[in-house]
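First up is the structure itself, then whatever we jot down about it.
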Amino acid sequence: MSQAFRNGDGGRIDRGKRLNFTFDGQNYDGFAGDTLASALLANGVRLVGRSFKYHRPRGIVGSGPEEPNALIQLGVGAHTEPNTRATQIALFDGLIGESQNAWPGVGFDVGAINNLVSKVIPSGFYYKTFMWPAAAWMFYEKFIRSAAGLGKAPSEPDPETYEKRTVWCDVLVVGGGPAGLAAARAAGASGARVILADEGSEFGGSLLSSRDRIEGREGADWAGDVIDDLAGMAEVRVLPRTTVASYHDHNYLVAVERVNDHLPLGERHGPRQRLWKIRAKQVVLATGAIERPLVFAENDRPGVMLAGAVRTYVNRYGARPGNRAVVFTNNDSAYRAALDAADGGISIAAIVDCRANPEGALVRLVRERGIEIVSGSVISGVRGAKQVSEVEVAALNDAGDDVVGARRSFDCDLVMMSGGWNPTVHLYSQSGGKLAWNQELATFVPATAAQKSREVGAVNGSFSLADALAEGTRAGAAAARDAGFEVEGEQVPACEAAPGDGVLSLLALWDVPCGRKGAKRFLDFQNDVTAADVALAHRENYSSVEHFKRYTTTGMGTDQGKTSNVNGLAIMAGLRGVDVPEVGHTTFRPFYTAVTVGALAGINSGPELLDPVRKTPMHNWHETHGAHFEDVGQWKRPYCYLRPGETVKQAVDREVLAARTSVAILDASTLGKIDIQGPDALELINRVYTNNFATLKVGQCRYGLMLKDDGMVFDDGVTARIGENRYLMSTTTGGAPNVLNWLEEWLQCEWRDLEAYCTSVTTHWAAIAIAGPNSRRLLAELTATDLSNEAFPFMSWQDGEIAGIPGRIFRISFSGETGFEVQVPASYALALWRALMTAGEKYSITPYGTEAMHVLRAEKGFIIAGQDTDGTTTPYDLGMGWIVSRKKGDFLGKRGLERPDTLREDRKQLVGLLTENPNEVIPEGAHISPAPDSAKPVPMEGWVTSSYYSPNCGRSIAMALLRRGNERIGETVALPLEDKVVRAKITKPVFFDEEGERLRG
Amino acid sequence: MAESYLRQSPLAQRALDTRVADDTSAAGLVLSERRYLAKINLRGKIDSAAVKAAVGVELPAEPNTVTEGNNIAALWLGPAEWLLVGPSDAEKGMNDALVEGLEGMSAGIVDVTEGRTVIRVAGPMARDVLSMGCPLDLHPRVFGAGRCAQSFIVRSTVIVHQVDDAPVYDIYVERSQSDYLFHWFETSGAPYGVAVAAEPETSSWRRPPRRKKDGEA
Amino acid sequence: MLLIECPHCGPREQTEFTCGGEGHIVRPDPATATDAEWGHYLFMRKNPKGLHFERWFHAHGCRQWFHAARSTVTHEIFAIYGIDEPPPAIDPSKAGSQ
């Protein structure tokens, strides 16, 4: 059987280009221009999947993004992608597709037993059955998930690349049907920057499925000519295979271009997909409409299709979804489909129309053909397990709520249904636009746009070709004008309107009666929701639109209710006895169709590109000398330097000891540095630090603590006076941008009279801290500067040349050792580091990392802002009242420190903790409890902020914030951990050289 | 002045000088590093004429534009902030000239030479590749030669300066992030071909002759 | 994602900015403010549905602060004005205020 359902001519496929593909292990062929769906239909394949819940056999329903059933696992191995719609997969040579949701196969599916027991798994079944006991959900879930599952995610890394681009335009036109093409041409002619995007591989939209003529040509040819025109306009960008998937605030839209998905793997070049982040001045939405199924008994049998989809398969692909069709409709548009299907070789057994007296141009044409019209009737049943074989037709009673009289049967292998058309308002609604119910069309249409957008053609409820062209042309021109361009004499393309063009004369019939109980009438094929489920939701009072959606799962999944939403709402409205607008509609959410995570990530994944990596000038030295890095914000900092065979703890202990016994150096380049100049530089500094800087002389440095205005510690660092009106402020590594922004905020917003100028020099200067009793001796070998205590006292700085490099030497220390910090222009820092390592060999100089730095400072009880503080910690809580000036005027946080809550005596205060077992290192974050054995919740009175093993103390040390800690020195506290309770004695938070002799030595 | 052999540019590890292509015409993206350009950040209430007298370039008045003079590019960074970019090794001379020439003005003059490096981005795909990470509207109608903007590329804060309509861009990036950003450019441009070009040459900067003050000999 | 018209740089993407929250908060004189007044200054913020006057910072651009009058319902920005300027008169009903 090779394309037995393919017509010999007609359609937009290239019969000269035969393509081989595999579906469910079977080989087939199709033609260039096919989708997987059209090729399967041409080959007579009707069964393409099993339904989600009941595992019922399912076939292709639609021809585009609305397809609920034909979800395909596309490709194999790392390239596989689940939940792709066969109707949107462009066929290529070598394509491999699998049906989903069936095991062991789509023909015989063990899950189909669910269908037989469907009475016991109605809506809400999972919620009701598996909700108790709560812990068992984990157990149930595994089985439910594997039985349910919609396709399989690939288990290997994605080998494809993806690209993201930002693009700004004057006019974005979404949709390349007649309205969109007309809009793009009108806007493009003005010279405006125009983007035209369409999800299909070919522009033309409905023109590709119709036989309408525009400007004297076949519609599809006209579309091609417009695209050629647009290609000649320098500022117009035409994007085929591009789905505009979301519409956000201020005309920001996201589109996905499938650059390579239509090609065999071997022929792909460049990124697989490209994500366009579009900022448009004006938007024209020409997104068309999606046909609505009718909710009748057994309407999910393979072979029951949307009438318009059948028309598309016949006209565009020359493929017949069946040989003998029964049409079931409530409006005129299906008559057009029936005529085209008949012309395409499908015999029409009958048109079943629920309207009592259908008439109109199309109806007359059908009658003239001699096709039987069964009016005032419905399909009351469909037979055929894996394909439709027969339908049963019954007359409606006068009320339209039941069937009466004798049933008639029609043999057929295809049912073409049409319940009307829903404008594709997804993007419009995402933009915030309000919808209104149109009684004549029985659907929601755009009412009040929220953004600079215009809706044209079918999305606007304008279903005739002439209206689409006129609206599109006018909107394109108006959008260009509003974007600031001149448009001269816009020309609406003339078209030859087919008889009955755009006329529906629709009679709403939402829940089609069948006269039988238990016959399933599906409204959401993808989620297996039936009309009975809506009734159940209503009975159980889940009748508000958002409740009903979640209770029944209508409109969920990849489908997002494209075919089911309005039917569901209308059935609920009927049950509630209200009009549809009173039920309302759920929120349309991004994305319109699923977007691959890879496209959202672009190239920004993996350790090197996920987030910027910040490196110091010495980074590569660290890397080649055993550095074990840690992330500090975006910075990579050596945590310690591992020697061969060493553990991390051994390395840290070695580095800590070296700093106290000889000399060690730290790459401190990441610390924030801010140059502050101007006549009011001192005033600024005095207002942001708690202590007084007025007495600081040029050549001196001072430690400062910075508070938020509520009195809580925010950042700290050493500030040096560089000149008369010039200071160099240092900040914590993580706080650098925050402090700079903080200064800028106060200068610009509050203290506008201050003339002080802040400039980040964090990465201009690289910094190396030199610590240890041999630090002075080492540095003296590399500089002529007199480093003696007398010439260079603690907390001073001098310009100096070190190892031939001009820089600054600071006599400061965060280790509590005799120490210096040398700052040089960053590009010389590696040379300086190397010079220090070479000169320091005789002292067994040791590079140390951040962990040794932490241990050294903790031994001395120096805090780290952000580790020992958390935004609720005052200087007094830290025992740092000495740094809060009582003499100087206002500074940030001063008044905050006087608030009653800040003055409470039972606040948490920083203390030291010494564990009873000196080798026990308490985990940081451990809580302190006054009653660790009491019933849960166990009362807490503080927590550990810093905790290390100190080789210099020969034991563990910790710092903690503890309620009333200051008055509890000497007490023993308990720290309940997961598996034990640790006890520790409260001490002052200083563990080593309390007098600071080494620091000043 | 320290010996130049002691100096290492932020992208030194990428050994770009060993990768310079003889012919970059086939590449969609052409990258190079402009090392050690002198950069002085100026803030405050500054008289453009005084800057012109001191270093030879006027300050741009229009936001997000660049003026050039005496081999210095003056980039607008904010309503009272500019970045003066001169040739390599000119930073000390420029800084001293500005400190002297702007004496008495309320100003912040900071040598930030080392804080950023410059990645020059050229080639026919330069604009497209930039748009893969940069949210600016780079269309020639909006952003052409002589324009600059502070923005970001992916998550790195940058200054984008378009130096030629070709287009050619100079991207100023924090030195600590330059290795990351260069890697990002190479990866983003890979589908279109990436080549490394030789470092663009710069002329030297000479301090304009000082006008004698009254009473000076 | 909003498009924000920086008073200096023109329209730029929201990602270049940080929002500083409610604008026009007056810092009381710390010498005379009562605890309640100081607490109100520190912690109390309006959270209106509709028109909101707020501060924005062009963090990844010209690094300047400015004010914006924005609807918290529709995100429409009605005015951008200087950090030292008073709020402009805007009909709150236009911003969906209730």
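Residue numbering restarts at 1 for every chain, and letters A, B, ... go by the order of the sequence lines.
- In terms of non-hydrogen atom pairs under 4.5 Å with chain B, the most contact-rich of A/A766, A/A829, A/P617, A/P612 is A/P612.
- At distances below 3.5 Å, not a single donor-acceptor pair connects side-chain atoms of A/D170 with backbone N or O atoms of A/A192.
- No other option in A/R165, A/K615, A/K164, A/R279 has as many heavy-atom pairs under 4.5 Å with chain B as A/R165.
- If you measure heavy-atom distances from B/Q177 to chain A, the contacts under 4.5 Å come from both the backbone and the side chain.
- Counting heavy-atom pairs closer than 4.5 Å to chain A, the top-ranked of the candidates B/T113, B/N41, B/D128 is B/D128.
- Most heavy-atom pairs under 4.5 Å with chain A, from the set B/R141, B/E81, B/R35: that is B/R141.
- Partners of B/D96 under the salt bridge (Lys or Arg N to Asp or Glu O under 4.0 Å) rule, at least two apart in sequence or in another chain, are B/K92.
- The residues B/R207 and B/E100 are annotated as salt-bridged, a charged nitrogen and a carboxylate oxygen being separated by less than 4.0 angstrom.
- Only the side chain of A/W635 comes within contact range of chain B, judged by heavy atoms closer than 4.5 Å.
- Using a 4.5 Å cut-off between heavy atoms, A/S669 does not touch chain B at all.
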Which is it for B/Q150 and B/Y172 under the side chain to side chain contact (heavy atoms under 4.5 Å, CB included) test, yes or no, and what are the steps along the way? CA-CA 9 Å; B/Q150 296 187 86; B/Y172 293 71; over 6 Å; no
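- The shortest heavy-atom contact between B/V168 and B/A122 is CG2-CB, 3.9 Å.
- Here A/T759 is the residue among A/T759, A/L275, A/V613 with the most heavy-atom pairs under 4.5 Å with chain B.
- Using a 4.5 Å cut-off between heavy atoms, A/N725 does not touch chain B at all.
- Ring centers of A/H625 and A/W833: at least 6.0 Å apart, outside the cut-off.
- Interface remark: A/R274 contributes side-chain atoms only to the contact with chain B (heavy atom separation under 4.5 Å).
- Between chain B and the residues A/K277, A/R614, A/H764, A/Q677, the largest count of heavy-atom pairs under 4.5 Å involves A/H764.
- Looking at B/N95, its side chain never comes within 3.5 Å of a backbone N or O of B/I40 through a donor-acceptor pair.
- Salt-bridge formation is not detected for the pair B/E33/B/R14: no Lys NZ or Arg NE/NH1/NH2 atom is positioned less than 4.0 Å from an Asp or Glu carboxylate oxygen.
- With respect to chain B, the highest number of heavy-atom pairs below 4.5 Å among A/G678, A/G602, A/C758, A/A756 belongs to A/C758.
- If you measure heavy-atom distances from A/I805 to chain B, the contacts under 4.5 Å come from both the backbone and the side chain.
- Considering B/R175, B/Q8, B/E114 in turn, B/E114 is the only one that fulfils the side chain to side chain donor-acceptor pair (under 3.5 Å) rule with A/S827.
- Only the backbone of A/A803 comes within contact range of chain B, with at least one heavy atom under 4.5 Å from a heavy atom of that chain.
- For A/E163, the part lying near chain B is the side chain, with the backbone staying farther off; criterion is any non-hydrogen pair under 4.5 Å.
- Ionic pairing of A/K636 and A/D631 is present here: one or more N-O contacts between side-chain nitrogen and carboxylate oxygen are shorter than 4.0 angstrom.
- Using a distance-only test at 3.5 Å, with no hydrogens or angles considered, a donor-acceptor pair links the side chain of B/T187 to the main chain of B/H183.
- Between A/H248 and A/Y252, the angle of the ring planes lies from 30° to 60°, which puts this pair in the tilted group.
- Of the atoms belonging to B/V129, not a single heavy atom falls under 4.5 Å from chain A.
- Using a 4.5 Å cut-off between heavy atoms, A/R726 touches chain B through its side chain atoms alone.
- When all heavy atoms are compared, the tightest approach of B/F143 to B/A149 is CE1-CB, 3.7 Å.
- When each of B/S9, B/A190, B/P191, B/A107 is checked for heavy-atom pairs under 4.5 Å with chain A, B/A107 comes out on top.
- With a 4.5 Å cut-off on non-hydrogen atoms, B/D179 touches chain A through its side chain but not through its backbone.
- Only the side chain of A/I603 comes within contact range of chain B, with heavy atoms under 4.5 Å apart.
- In terms of heavy-atom pairs under 4.5 Å with chain A, the best-connected choice from B/T117, B/I109, B/L138 is B/I109.
- In this structure, B/R7 forms a cation-pi arrangement with B/Y36, its terminal cationic atom sitting closer than 6.0 Å to the ring centre and no more than 45° off the ring axis.
- If you measure heavy-atom distances from B/K45 to chain A, the contacts under 4.5 Å come from both the backbone and the side chain.
- Remark: side-chain polar atoms of B/D137 are not paired, donor with acceptor, to backbone N or O of A/W168 under 3.5 angstrom.
- When each of A/Q634, A/E608, A/H619, A/E235 is scored by its heavy-atom pairs under 4.5 Å with chain B, the top score falls to A/E235.
- Looking at B/L136, only its backbone comes within 4.5 Å of chain A, counting heavy atoms on both sides.
- B/V110 touches chain A through backbone and side chain together, each having a heavy atom under 4.5 Å away.
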